[in-house]
Each structure stands twice: as C-alpha cells, then as structure tokens.
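Whatever order the structure lists ligands and atoms in, that order sets their numbers, starting from 1. Index from 1, following the sequence.
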Amino acid sequence: MAEGRDYLRIATEEAFCPPEMLGVYAKLIDTKQVDDPGFLGMWGFYISSPTARTTFIRDHLVDVDEKRIAHMDAAGIDKAVLSLTAPGVQIMPKDTAVGFATFANDWLADAIARHPDRYVGLAAAAPQDPAAAAKEIERAVTRLGMRGVIISSHTLGEYLDDQKFWPIFEAAEALDVPIYIHPNTPNRHMYPTLAEKGLDGAIYGFSVETGMHILRIIVAGVFDRFPRLQIVIGHVGESLPFTLYRIDYMHRASTLSGRYEAMKPLKRAPSDYMKENLHYTNSGVAWAPPIRFIQDVIGVDRMMYAMDYPYQYLPAEVETLDAMDMPAADKKAFFQTNAEKLFKM
Ligand code: MN
C-alpha cells in the first residue's frame, strides 16, 4: 500500500492463459474443428491479428511474471484474482477440455506460488463433463488453494440452468467458494445479428449473453436448490441491476399467467437472489454512477473492483476510481475488503 491510501487495490477479473492454450485454439481454428461462429470470429482474429491491441493481449495473457507484475505496480494494483481467459476449456472437445482444465489449474498454482503476495486464483473446469468438473473444482480448491471457479458463460450453446450441470453448483456450494461467470462470445443463434454490426463483443453482446445466462440460472430455481451458492458477475452486473424492478415485475406477471412451462414460481423474487446470491464487479467500467447505483440498490458489501487486464489496461482508470465521490469505508469495501472476504484472501 503506497501514497497514503488506506486501502489495498485488489483486481478481481484478471485474465491469463498458459501459452499452450493459444496453441490449442490455433489448431481448433485451423482444422475447423469448432463450429461456433462467436469463437471463430473472436479468436480467429485475436490469435493472429498483428494490431497493437491484439499483440498486447496475446503477449500479456501468457505472462504472469515480470511484465504483469510491472503493470500491476505501475497501476497501483496490489493483488489480482487470476482466471483462465474466455472461453477457456469450454470450446475444446470434451476429453481435451477435462485434461486442459487440470493443466491450466496446475499452471496457475505454480504462478501463484512464485508470487504468493500478489495473486490468488480461480479454478477452471470443463462443464462438458459435469462430474469431472466437480472433481476438478474440489481438487483445485482443496489441494491447489484456488478461491473460486471461473466459468466462461455458455458451453457450446448450453447453459448452467440445465440440471446436468448442477454438480458444479453443488461442488462450489459445498466447498464454500464463489463461481465467477465471465462472458463468452454470444452463442451461435445470437451471434449473427450482433456481429453484422460489430456488436457481438464487449461493447454489447457479451453482456447480453451473460446477463441472459444469469437470469436463466435465477428463473430455473438454482438458488432455491443451492441457497448458499454465490455467483460473481462483472461489467457492472452485465447491466442487470438497472432493470431489477422490471425483472421482478415481469417475472411475477409471467408466473401468475402461467404462460411458460419453464418459468415456475420461485421461493423469492428475482431481486432477492440478486441481492443475496450475486456479487458484482465493475470490470471494464471505470465510471462511478453505475458502481454507486449497485452499492445503493444491491449493497455496498457486494460491489468489487476489477480491471479486466490485459483486455483493458489503463492505469488512469485506477485514478478515476480512486477519485469517486464515495464514503471512505465504501471505497475500501469496493477496492479491498469485499474481495478479501469473498475470496478468503
Ligand atoms: Mn474479463
């Protein structure tokens, strides 16, 4: 902690990948083994584009030593919660995905061991094999010291509200660790209409797809079945908090009218789960109004800081957030103590 701050800055949605993962992606793209237009659109570009932005991202995703630590120091980031970048193993064939999740978790554990005062990590898992995913989560948490789970939204178009995936929720709840649901590229049905105007990525499509995933989980009754489960979402809650009133109103109207077989009454209102089972980060949004809004309507104890390195590395954004007009205790909760509690740091 420097320059008279009374809080640490802990960044909670910081991406990495072992260099081998870029090799796996290149092969999936070259051999056309993947039939997912979002992945091919995004990683087909990022894997080989020579632009300054894509080169920076490739070079810094795979570095968890000198370059990353120097960037953290330059921006005043004291600690980072590292997670395998999207879509992680979720785009790989099942057997490859199961093996690579283990490899990536071991690789991350080694990085954390080299910099134990700077990093903690989230465990990757392969939803393609839910039983194996639950086992790997348990191994990564109990043996490698991971503090949660990273899931890159949909897995080849399938969503975690499907009960076949619920061993993942069961494992996280039993181990008392949160699941961070990070955006993936929009699924094959959503992708074309977004991509034709360049809206499939972080500008809009990521939040729409991931926000839908969170709502699917809520309306499926996941939190009635797993009441202690905690899920983290970035990008100021993928915009969900701002329509909390309407989500509640229309959920009630739809369940009362019985219009949808898949939308059954829940024990509580959607906003209750949003306030007691979800945590939020500002990743990529260095802007006080939505951060304060979430603190106000959800709770000061559920809004955390994230930078979204290396996709968005702007040290000036840290200064912008330092300067937010906010009670000192709330700012400390935002930058430091909420992350310390949730990730047991
Ligand atoms: Mn991110």
**OP:** Sequence neighbours left out, what passes side-chain hydrogen bond (donor to acceptor under 3.5 Å, both in side chains) with H71? Give chain and number order.
**Re:** Y309
Original post:
How would you list all residue pairs meeting ring-ring contact (aromatic ring centres under 6.0 Å, His included) that involve residues 118-144, not counting sequence neighbours?
Top reply: H115-Y119
Original post:
Are I233 and H213 side-chain neighbours, meaning at least one heavy-atom pair lies under 4.5 Å?
Top reply: no
**OP:** List nothing but the number: protein N/O/S atoms under 2.8 Å from the Mn ion (ligand 1).
**Re:** 3
Original post:
Does M263 sit in a hydrophobic cluster with other residues, and if so which ones, taking ILVMFWY side chains as linked at heavy-atom separations under 4.5 Å, directly or through other members?
Top reply: V219, Y260
Original post:
Are S207 and H235 linked by a side-chain donor-acceptor pair shorter than 3.5 Å?
Top reply: no
Subject >> Pairwise side-chain contact, I181 with I217, heavy-atom cut-off 4.5 Å (strictly under) >> reply: yes
